[in-house]
Amino acid sequence: MEPTEAGTYDHRAIESRWQRYWQEHQTFKAVDGADKPKFYVLDMFPYPSGQGLHVGHPAGYTASDILARHKRMKGYNVLHPMGYDAFGLPAEQYAVEHGVHPRATTEKNIANIEKQIKMFGFSYDWSRRLATTDVGYYRWTQWIFLKMFNSWYDPAADAARPIEQLIEKLQNEDYLISPIGELIYNDTENLAAILGDPVGAVKFYELAPAEQRELIDSQRLAYMAQVPVNWCPRLGTVLANEEVTNEGRSERGNHPVYRRALTQWMLRITKYAERLLADVDALEWPEPIKLMQRNWIGKSTGAQVYFPLDGRDDVLEVYTTRPDTLFGATYMVLAPEHPLVEELTGTNCRPQVADYMTQAAKKSELERTAESKEKTGVFIGAYAVNPVNDQKIPIWVADYVLMGYGTGAIMAVPAHDTRDMEFALKFDLPIVQVVEPPAGTNWRGYVGDGIAVNSGKFDGLTTAEFKEEIIKWLTEQQLGRRAVNYKLRDWLFSRQRYWGEPLPIVHCAHCGTVALPDEQLPLELPEMEDFTPAASDDPDSLPQPPLGKLRDWAQTTCPQCQGPAQRELNTMPQWAGSCWYYLRFLDPHNDRACVDPQIERYWMAPDSDNPVGGVDFYIGGAEHAVLHLLYARFWHKLLYDLGYASSPEPFRRLFNQGMIRSFAYRDPRGMTVGYDQVDKSGQPPRHKQTGEPLVETVEKMSKSLKNVVNPNEVIEQYGADTFRMYEMFMGPLEASKPWNTNDVPGIQRFLQRLWRLIVAEDGCLHPAIGDAEPDAASLRLLHKTIKKVTADIETLSLNTAISQMMIFLNEYSKAAARSRWVLESYVLLLSPFAPHIAEELWRRLGHETTLAYEPWPVFDEELTRDPEVELAVQINGKVRDRIVVPADSDEESIRRTVLALAKIQEQLAQKTVRQVIVIPNRLVNIVAN
RNA sequence: GCCGAAGUGGCGGAAUUGGCAGACGCGCGGGAUUCAAAAUCCCGUCCUGGCAACAGGGUGUGGGUUCGAUUCCCACCUUCGGCACCA
C-alpha cells in the first residue's frame, strides 16, 4: 500500500484506502466450517428503493458491524452478510409510472444503495451478496413453495410431512374421509371394533379419482381456496391485510380496497399457530415484540357449542370463550358470508336479508370501518334452541360477526358483552343477567369474572369453575366440546402483479393443479413489454394478472400427462423472498440445493452458546415485529420439519434499533421551514429572514417536512467513522431519537484529537510516544476503559461505550509520556466503532496488517480499582461535606472520621445522632434530629 | 377502546438497578493563541439568591413506602408505537 504520511486527519484518503485494502485482501470473508466458534450476525436486508439509503438504515448496520468486528477480535468465525429484498410493489409501481422495466430500475437501485452502503466500511462478506430477484435465488424460493405444495400437516407427528405419506396412509386406511371431506383417524383397535366404521365415513379407494385429488389438494400446506380478500382494482391486485391502511385504502397509492371472495393461493400457517406461539418463549427477543407475536397469533380457549336449529335436524355451531354465560344467550348472529344464511332465511324475511347482504357486500373496507360504531343487521326469520334451557332464540345476520374467526356465528350474550349489548339495545332484544359482578358494579355490560346467577344448577359458581363444569356437561350431552381458537389466518400468497416470483404451477384439465418438477425450475419470470396490471375503477372488475397477456408463455404442457395446460399466472407477494434469505447467505452460490446441509449445520445448529440455534444476532427495525418475523419463522419450521434446517427457530436473538427521526420547524402559520432558514442560536429558534419564532418538533423524515438528512452528504463532509460514531453516540440503540447534524462535528473533533495524540504535525509518530511502562493512573484508566467498552458492546450500550472512550482521551491527553502499548490497546477498542481511522493509526503505530483479527484487549479487575475514593457525607439525606478515604475502608473508622468533621459537628450541634448509615465507597448518611 | 414503550438542563442523553442527579457530547459565556479570522487549547455552564463560602429548590403531576426514590407502589396527565367488532 502506498504510504500517505500526512500529518492531518484526512478522512477521505484514509477511508477509501482501507476500504480498498479490505476488499483486496478479502479481510472479512467467512470460512464455512472453520475450526473456531461461529457467530452469525445478520442485518435485515434493505428494500432497494429509488430514494436510496436514509440515515435510519446505518443505525442498525453500524451496531451489527461493531458486534461483528468485536466478535472477530474475540476469536469467533463471524458470518456477516448483506443482500437485497428486491421484488415487490414499490419497484413495480415506480417502473409503471416511469415506463421503465422493473428489472432495470431494480438493478439501478441496487447499484446505488450498494455504493452507499459500501461508503460506511461495514465488514460484510460481500462474496455472499444476493438479491431476491436473482434467478439463482428465486429458483429456490419456488422450490420451497413446492415443498409446501407437496406437504401436509401430520397431526400425529405434529409436523409437516411429504404429501406421499398422506396418500400412503389413506391407502392403508389409517384415515377415513368424513361426508364433509375431513380426515378421520381410523382407530381400528378401539372404534371400529365396537361401532363399526364411523357413520358416513368412506375409504380412499371408494372415491372417484377427481375426488381423491380434491381431498389431497385440501390437505396441502400451499392450497387454493375461495376466500374474502382485499381487492384493489386500481392496483389490479389483491393485497394482504398489512398492505391496507386503517382507512381501508392501499398503503401503496392510497386507492380504495374492497372485500371480494376470490380464488387465491394460501399458505397454511395456521397449522403452525401453536408451535409459533409456544416457541416464542425460548427466544431472546425484546419482550414487547414477543408480546406482539403472541397477540397476533391470538390464542383463546373456550368451547364449541351446538345450538339445535328450530324445525330442522341440524345444528348451528358457535365458538365462545364464555361458555359460562350460555344461560344469558338471547339471540344468535351469523356473519353475512356464513353458508347457512341463505338456507335458513325464512320466506317472509328474504327481501330484507337479500337487501342487507347486497349492502354488506358493496361496502368497501373504508365504509365498513367508518360505520363500525353503529351496529347493523337483520332478523332472518329463523330460530335456534338454547341447549341449556331449551329457549327458542332468534337468529340474525350482522356484519359485526366475522366469517374468518371461530365458526362465523355467535351466541349473543348482551348482558355481558359490549358488542352484543349495543346490538341488543339498538334492536330491542332481551338482556338477561347471568354474572353477578363484585358489589358496586352494574351487571349490565359487565364483561369481567363474577358469580353465576340465573343459570339453573350452576348458580353460585365462579366464572372459572363454571367454565370447567359446563364444558364437562356439554361434552357429556354431546352438545359441545372444549375448543381453542387463533386469530392468525392462513397467509394469502398470490398477487396479480408482474414483479414477483412466478408460482411454479400449471393447471391441467385432466390432472388438476400440478407442480412443476424440480428439473423445470427455475420458472423464470418472462420478459414482457407491457407489464402493467389491468387497473380499473370498477370494484366489480376481476383480477387479470399481467402474465396472462403472454399467451404463448401461459400455454404449456402438463408435466404429468403431457397434455395442454395453462400456467399459473399469479406471482408471490413481496414477503416471500425475505422468508429464507438468512439460509441462502450460508451457501449463496449452490445450484444443487437451497443450502448445503453440512454448511447449514455448521452455522445454524444449536450449541452451548446458542441452545435454540439459528442466527445468533439479528438486528432490524421494529416495523417487522410481526409479519416478516412470523412468516420467516413459519417457513423455517417447515424446512425444519422436512429436514432442511437444523434449528427449530431462525433467529435466536433479535434486537430492534429505534427509529431515527429529525427536528422539523414550522412558522406561526404552520408552514414548514427548511434547516437553512432556521436560526437556532436563541430560544425559541427563529426564521433567519423574518425573525418569526418557530415551533420545533421531532418527526419522521419526509420531504414535505423539509427535514430529510442525506447520509452521503454527511459522510462526504465528516467521514464514515464520524457518521458511525455519531449514530451510536446519539442515545440508546433501541430508542427512537432525533438526528441533529449540529452535533456531528463534536464526534469528528474527538477523532481529530485522537489523531493528534498519535500523529505529529509532520506525519511522524508523536514524539511523546515511547515504550516506557505506563504509570499507575494511566494503567487504571486503560483497564477501566477496556472493562466498560467490552461490557457495553455485549449489551449494545454503544453510546456509553463511546463516552468512556472520550473520557479516556480527555484524561490521557494530559499525560506527559504516552505509552505505545496503551495507545495500541485503545486503538483496538475503538476499531469496531471507527474502523478506518483505527486501521490507519494501528499502521502508524508500527503494524503491517489489518487489526481486524488482533486479540481483543483484556482487563484486570484489580487494576481498575481506585486506591482512594471520595465519599459524600449526608445529614438526613442532604450532602453537607465530602471526605477522601482509602478504598474499602471499614465502616467503623469511616463513622469516626465523619462524626469528627468540623462542618458536620457544627450541623449536628442541636441534634441527636440516631443512626449512621455507611454505604461502602459511596456515601455516609447521618440520621439526626 | 385495548396492549406496549417512554417523560431528566437551552438540546441529544448518563446514573453501578434503592445510595452524591445531570457523566459524555452539542450549544452558550469568558479567556489564551492570532495582525485578523478559522482551527486549537484552558475555565465556567440545572434553577433561584449571594462577590463568595453557602443556602433553598429540582428528574411529567399528585400521593405513598424508605435513613435515603430518576429508580419501588398507587392514581392521573402527555407523547410515541402496535392492535382494533377476534365472540
Side-chain angles (χ1 to χ4, degrees), chain A residues 8 246 286-289 291-292 294-296 298 300 302 318-322 325 333 368-369 372-373 375 398-402 404-413 417-420 422-423 447 485-489 622-623 625-626 656 658-659 661 663 680-685 696-700 725-726 729-732 734-747 749-750 752-753 756 788 791 797 799-807 810 813 870-880 882 903 914-928:
Chain A
T8 50
N246 279 344
E287 278 308 318
I289 303 296
L291 194 66
M292 281 164 75
R294 292 189 188 107
N295 290 344
W296 190 266
S300 76
V318 301
Y319 171 74
T320 175
T321 55
R322 292 297 299 271
T325 59
V333 186
R368 214 155 154 167
T369 38
S372 66
K373 285 189 187 83
K375 296 270 179 295
D399 66 3
Y400 84 91
V401 172
L402 310 172
Y405 185 79
T407 62
I410 62 154
M411 64 174 207
V413 184
D417 181 284
T418 317
R419 300 148 299 176
D420 294 345
E422 277 173 24
F423 193 81
V447 297
N485 247 293
Y486 302 91
K487 280 197 234 176
L488 185 69
R489 315 287 165 78
E623 66 271 24
V626 176
N656 293 120
M659 196 188 300
R661 300 185 295 168
F663 293 106
K680 283 183 251 186
S681 61
Q683 266 311 113
E696 184 187 85
T697 52
V698 173
E699 313 203 39
K700 281 184 195 173
M725 288 199 86
Y726 170 65
F729 185 64
M730 288 169 77
E734 66 276 17
S736 147
K737 45 208 178 284
W739 176 279
N740 189 353
T741 301
N742 292 339
D743 287 344
V744 176
I747 297 289
R749 279 202 281 272
F750 161 70
Q752 272 163 342
R753 280 198 341 262
R756 287 196 303 268
K788 178 79 177 147
S797 312
N799 52 329
T800 49
I802 292 171
S803 40
Q804 181 61 40
M805 290 193 283
M806 288 174 168
I807 291 169
N810 291 345
S813 305
E870 189 186 66
L871 303 187
V873 184
Q874 299 181 331
I875 295 174
N876 294 334
K878 288 190 199 299
V879 180
R880 297 299 178 183
R882 293 166 189 285
K903 264 189 211 165
R914 301 290 173 191
Q915 202 183 348
V916 179
I917 294 156
V918 178
I919 309 295
N921 299 334
R922 302 231 153 255
L923 58 73
V924 183
N925 190 13
I926 302 165
V927 186

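Order of the sequence lines fixes the chain letters, A, B, ..., with proteins taken first and strands second; residue numbering starts at 1 for each chain.
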(request) State, to 0.1 Å, how close Lys487(A) and Trp296(A) come at their nearest heavy-atom pair, and which atoms those are. (result) CB-O, 3.8 Å

Grab the N/O contacts between the protein and nucleotides 37-40 of chain B below 3.5 Å, and write none if there aren't any.
from, atom 1, to, atom 2, distance (Å)
U40(B), O3', Arg756(A), NH2, 3.2

(request) Keeping the roles fixed (side chain from Arg322(A), backbone from Val447(A)), state whether a donor-acceptor pair exists under 3.5 Å. (result) yes

(message) I want to check a possible cation-pi pair here: Lys375(A) against Tyr400(A), using under 6.0 Å from ring centre and within 45° of the ring axis as the test.
(response) yes

(message) As a test of reading the structure: which of C24(B), A87(B), A14(B) is closest to the side chain of Phe729(A), going by heavy atoms?
(response) C24(B)

(request) Decide, for U17(B), between syn and anti: a glycosidic angle within 90° of 0 counts as syn, anything else as anti. (result) syn

(request) Measure the shortest side-chain to side-chain distance between Lys903(A) and Arg880(A) over non-hydrogen atoms and say whether it is less than 4.5 angstrom. (result) no

(message) In whole Å, I'd like the distance from the NZ atom of Lys375(A) to the P atom of A87(B).
(response) 14 Å

(message) What's the closest nucleotide to the side chain of Pro738(A) if the choices are G13(B), C3(B), G82(B)?
(response) G13(B)

(message) Without decimals, in angstroms, what is the distance between Met292(A) CE and C83(B) C1'?
(response) 8 Å

(request) Looking only at non-hydrogen atoms, find the nearest pair between Asn925(A) and Gly877(A) and report the distance. (result) OD1-N, 3.0 Å

(message) Please give me the minimum heavy-atom distance between Gly404(A) and Arg489(A), naming the atom from each residue.
(response) O-NE, 3.5 Å

(request) Find out whether Tyr319(A) and Thr321(A) are in side-chain contact, i.e. whether some heavy atom of one side chain is under 4.5 Å from a heavy atom of the other. (result) yes

(request) Might you point out which heavy atoms bring Ile289(A) and Ala625(A) nearest each other, and give the distance in Å? (result) CD1-CB, 3.6 Å

(message) At 4.0 Å (heavy atoms only), tell me whether Thr418(A) reaches a base, stays on the sugar-phosphate, or touches nothing.
(response) nothing

(request) From the options A87(B), C83(B), G81(B), select the nucleotide whose nearest atom is closest to the side chain of Trp296(A). (result) C83(B)

(message) Using a heavy-atom cut-off of 4.0 Å across all strands, would you classify Lys788(A) as base, sugar-phosphate, or nothing?
(response) nothing

(request) With P as the reference atom in both, quote the distance from G56(B) to G60(B) in angstrom, rounded to an integer. (result) 23 Å

(request) For G9(B), measure the glycosidic angle (O4'-C1'-N9-C4 for a purine, O4'-C1'-N1-C2 for a pyrimidine) and name it syn if it falls within 90° of 0, otherwise anti. (result) syn

(request) When you get a sec, tell me which of A5(B), A87(B), U16(B) is the closest nucleotide to the side chain of Pro288(A)? (result) A5(B)

(message) The side chain of Phe663(A) is closest to which nucleotide in this list: G81(B), C24(B), G12(B)?
(response) G12(B)

(request) Identify the two heavy atoms, one from Val927(A) and one from Ile917(A), that lie closest to each other, and give their separation to 0.1 Å. (result) CG2-CD1, 4.3 Å

(message) Taking A55(B) as the reference, what is the distance to G4(B) when you measure between their C1' atoms (whole Å, please)?
(response) 44 Å

(request) Find the distance Trp739(A):CH2 to G13(B):P and express it as a whole number of Å. (result) 14 Å

(request) Determine the interatomic distance between C1' on G9(B) and the same-named atom on C26(B); round to the nearest Å. (result) 13 Å

(message) Between A69(B) and G63(B), how far apart are the two C1' atoms, rounded to whole Å?
(response) 14 Å

(message) For a quick test of reading the model: is some side-chain N or O of Asn799(A) closer than 4.0 Å to OP1 or OP2 of A14(B)?
(response) yes

(message) For the C1' atoms, the ones on U8(B) and on A14(B), what distance do you get once it is rounded to whole angstrom?
(response) 10 Å

(request) Whenever both distances are under 3.5 Å in a Watson-Crick or G-U wobble pair, mark it; put RNA chain B into dot-bracket that way, with [ ] for crossing pairs and | when the partner is on another strand. (result) (((((((..(((......[....)))((((((.......))))))((((....))))..(((((..]....))))))))))))....

(request) Using the P atom as the reference point in each nucleotide, state the distance between G25(B) and U40(B) in Å, no decimals. (result) 13 Å

(request) Please measure how far the C1' atom in C85(B) lies from the corresponding atom in C74(B), and state the result in whole Å. (result) 33 Å

(request) Would you mind reading off the distance between Asn921(A) atom CG and C20(B) atom C1', rounded to a whole angstrom? (result) 14 Å

(request) Answer yes or no: is there a side-chain heavy-atom contact under 4.5 Å between Ser803(A) and Thr800(A)? (result) yes

(message) Measuring from atom OH of Tyr405(A) to atom OH of Tyr486(A), what distance do you get when rounded to the nearest 0.5 angstrom?
(response) 10.5 Å

(request) Check salt bridge (Lys or Arg N to Asp or Glu O under 4.0 Å) between Glu699(A) and all other residues, then give those that pass, not counting sequence neighbours. (result) Arg666(A)

(request) Applying salt bridge (Lys or Arg N to Asp or Glu O under 4.0 Å), name anything that partners Lys700(A), two or more places apart in sequence or on another chain. (result) none

(request) May I ask you to say what Lys487(A) touches in the nucleic acid, namely base, sugar-phosphate or nothing, with a heavy-atom cut-off under 4.0 Å? (result) base

(request) May I have the distance from Met806(A) (atom CE) to G12(B) (atom P), rounded to whole angstrom? (result) 17 Å

(request) For Pro732(A), answer base if it contacts any base atom (sugar-phosphate contacts may also be present), sugar-phosphate if it contacts only those atoms, and nothing otherwise; contact means non-hydrogen atoms under 4.0 Å. (result) sugar-phosphate

(request) Look at all strands and tell whether Leu291(A) reaches a base, only sugar-phosphate, or nothing, counting heavy atoms closer than 4.0 Å. (result) sugar-phosphate

(request) Decide yes or no on side-chain contact (heavy atoms from CB on, under 4.5 Å) for Arg661(A) and Thr697(A), but give the supporting numbers first. (result) CA-CA 10 Å; Arg661(A) 300 185 295 168; Thr697(A) 52; over 6 Å; no

(message) Just to be sure I understand the rule, does Glu870(A) reach a base, reach only the sugar-phosphate, or reach nothing, if contact means heavy atoms closer than 4.0 Å?
(response) base

(request) To the nearest Å, give me how far apart NZ (Lys737(A)) and P (C11(B)) are. (result) 19 Å

(request) Would you kindly give the CZ-to-C1' distance between Arg882(A) and A21(B), to the nearest whole Å? (result) 12 Å

(message) Please give the distance between the P atoms of G22(B) and C54(B) as a whole number of Å.
(response) 16 Å

(request) For the residue pair Met730(A) and Ile802(A), establish whether any side-chain heavy-atom pair is separated by less than 4.5 Å. (result) no

(request) Give the nucleotide from the list C3(B), G12(B), C20(B) with an atom nearest to the side chain of Leu923(A). (result) C20(B)

So which protein N/O to nucleotides 62-72 of chain B N/O distances come out below 3.5 Å?
from, atom 1, to, atom 2, distance (Å)
C67(B), O2, Asn925(A), ND2, 2.7

(message) For a quick check of understanding: with a heavy-atom distance under 4.0 Å over all strands, which category does Asn810(A) fall into, base, sugar-phosphate or nothing?
(response) sugar-phosphate

(request) Would you confirm whether Tyr726(A), through its side chain, and Thr741(A), through its main-chain N or O, come within 3.5 Å as a donor-acceptor pair? (result) no

(message) Just to be sure I understand the rule, does Ile807(A) reach a base, reach only the sugar-phosphate, or reach nothing, if contact means heavy atoms closer than 4.0 Å?
(response) sugar-phosphate

(request) Specify the residue among Ala735(A) and Ala622(A) whose closest nucleotide of RNA chain B lies further upstream toward the 5′ end. (result) Ala735(A)

(request) Establish, with yes or no, whether the OP1 or OP2 oxygen of G13(B) is under 4.0 angstrom from a side-chain nitrogen or oxygen of Ser803(A). (result) no

(request) Mind listing the closest non-hydrogen atom pair of Asp420(A) and Met411(A) along with its distance? (result) OD2-O, 4.0 Å

Which atom pairs link the protein and nucleotides 55-59 of chain B when you take only N or O atoms and keep those under 3.5 Å?
from, atom 1, to, atom 2, distance (Å)
A55(B), OP1, Arg880(A), NH1, 3.2
G56(B), OP2, Arg880(A), NH1, 3.3
G57(B), OP2, Lys878(A), NZ, 3.3

(request) To the nearest Å, give me how far apart CE (Met730(A)) and P (G12(B)) are. (result) 11 Å

